[in-house]
Structure formats: C-alpha cells, structure tokens
*Asks:* 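Mind having a look at this structure? Questions to follow.
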Amino acid sequence: MLENKVVLISGTSRGIGRALVEHYAGKECQVIGCSRSPFEGELRNYRHYRLDVADESAVKEMFAQIRKNEGRLDVLINNAGVASMNHSLLTPMTTVSKIIQTNFMGTFLLCREAARLMQARRYGRIVNFATVAVPLKLEGEAIYAASKAAVISLTQILAREFAEFGITVNAVGPTPIKTDLIRGVPPEKLEVLIARQAIKRYGEPRDVIQVIDFFIDPASDFVTGQIIFLGGV
Amino acid sequence: MNTPEAQFSTIYRAVDWINGGLPADRQLTKTPETRLLGPQSVVDSLALVNLLIAVEREVEDMFGISLTLANERALSMNESPFRTIQSLADYVGVLISEAQNA
C-alpha cells in the first residue's frame, strides 16, 4: 500500500528518525531525510539533506529539489526535535530559542512547505511529534513540553486548514524511548515518569512506527487532527 | 521571457487548475479585470490561497524561480497586489525580474 510513496522524514541521523528511514525504505518507499548531522551508511531508495529544520532557505531548497526529482510528496514525518531537562529558573534564553526553533518553528516550516507540494495532487499525510511530557506536565521539561504543546495546537488547526487539500495532519506522542533525546535524564526520573503510564515500560521505535503507519495509510483519509499518546497516558 | 504575456499565461494556467476544483457557478474568468479580493470577488479566502500557491508552482515550472507571493512585502503594501489578476500579474512580473537580476 505504501510502495513507491514519497516520504520525507526530519531528524534522520539517529534514534527514531533513523528507525523510520529503515522502516519506510524497507517498504519500498522513496525516502528523503534531513538532519544537521550526516546520515551514516547508504540505502538504495534514500536521499539525505544536511540542514537545520528552522533554516527557511535551506528547507525551501530541499523542497524545490524534491519537486524537481520526485515531482510530488505523499508523506511528511516531523520527527526532528531537541530537549533539555532543566528547572526553568536555570534555563538560559539560548536554550529556549533553540528548542522553540527546532521543535515548533521547524515543524511549522516543514508542514507549510510540504502542504504546498501536496496540495497540487490534493493528497498528503503529515505526522507531527508531540510528547507525553505535555499531558504529564513534566517538571524539568517546561520549554520542551511548551514547544510540543504548540505542535499539538498547530496539528489540530492545520488539520482543519489542510483538509480541503486532501491532507491529513495528526501527531504521535511518544513516552520515553531509549535514544539520545533522553540521554541526559537521570534514570530515577525516567522510572518515576514510566510509573505514571498505564503500560509501564519504555517505548520502542516500533511503537511509534505502528501509530505512524496507521496515520499515513491511504485508507486513513477520515482521520485528522488527532493526537495519540503512547503508553496509555 | 518575463513578459506580460508570459505572466498572464502563467496565472491563467493556475486559474485553470483552481477552476477544476470549483463549482460551475464560481469559476474564475481569465481576464485582467477579474477581482480576486473584496466584495466583488468570486473566490473566497481559501480559493485565493489555493490560487497563489498554484501561481507559485506555475512560475517555478515556467521560469525556474521559487517565489513566495504572500510575503511581508505583499502584506504591507497599501494596495494589495492580489486585488485583480492584472495586479497579481504585475506583482509576479516584479518578483520574477528581481529574482532574475539577483
């Protein structure tokens, strides 16, 4: 069903993004990815761009090349994100700016440019990334959670703005998954967080992929504006 | 070449695409005087958004130039460049010329 779909994924150098690339490349999609770091290794049906998702001119150039090479975009997965666990009183504005730029502005920019391309064929699937830190109101992650709360609101409103273009916009909210994103978080804090989930375990990339597969399925054309949090949160 | 004929041709191809998704009684006519904004316009705000994006796409195909029509400059003008097809063509011509000379 997804064979030959053109899929753009952000934040693909490692972690969930890397897993997403391998999953959709394995499904014979044409996968395009981007991150600030290079992509290690080569995949036959994968092309990589090194860029910052908040860099408008670099992002526009990437989309211009997608339009020239593939002629269309079917799926956008806004995986790129950064976090910094810190009490608000000790959070510098440089950290605030970086998190908001990458998590919210980068998500918005890719949504906007993707929708311009998807609108031509009146078809598209956009999946953004939320986090359980939002409903759990996680102390130490005020800026990260705020940036993702903005992504949630953006997802719900873009779902309505893009509906007439045949584009669905949804979001998945992962629990802690053992990637670099939580490398700096003390294990005891993670255990307290996991204890608040209905299903008390670390998430895995396959859990996220399961939800994304559902959202981007061509048959899911009546599902939009939805946020699915993992782990029963 | 960035001529008025080419500008109108580009815009009218975008109008054809928009008209493909509009009902028969709300089709845009392909004349310079056709109003795109205001009470006499036949298009609503969503159709105008669609039209502008379609024009950007046609400009990229025709001239190889990536434009953003609804930018700060357009939004800060005293008279909107999106009032009519004529004003839109004039604006597109200016942007193409600037891009080609950059």
*Asks:* Chain B heavy atoms under 4.5 Å from A/F165: which part of the residue, side chain, backbone, both or neither?
*Replies:* side chain
*Asks:* Could you tell me whether B/N78 atom CG has more than 12 heavy atoms of other residues or ligands within 6.0 Å of it?
*Replies:* no
*Asks:* Within a reach of under 6.0 Å around CD of B/Q100, are more than 12 heavy atoms found that belong to other residues, nucleotides or ligands?
*Replies:* yes
*Asks:* Of all the heavy-atom pairs spanning B/G21 and A/R122, show the shortest one and how long it is.
*Replies:* CA-NH2, 3.9 Å
*Asks:* What part of A/E164 is in contact with chain B, defined as an atom under 4.5 angstrom from a non-hydrogen atom: side chain, backbone, both or neither?
*Replies:* side chain
*Asks:* Taking atom CZ of A/R14 as the centre, does the number of heavy atoms from other residues, nucleotides or ligands within less than 6.0 Å exceed 12?
*Replies:* no
*Asks:* Are any of the side-chain heavy atoms of A/R116 and B/L52 separated by less than 4.5 Å?
*Replies:* no
*Asks:* Heavy-atom cut-off 4.5 Å, strictly under: side chain, backbone, both or neither for A/K60 against chain B?
*Replies:* side chain
*Asks:* Walk me through whether B/D61 and A/K68 qualify under salt bridge (Lys or Arg N to Asp or Glu O under 4.0 Å).
*Replies:* CA-CA 9 Å; B/D61 284 344; A/K68 181 180 170 188; over 6 Å; no
*Asks:* For A/M85, I'd like to know if atom CE has over 12 heavy atoms of other residues, nucleotides or ligands within 6.0 Å.
*Replies:* yes
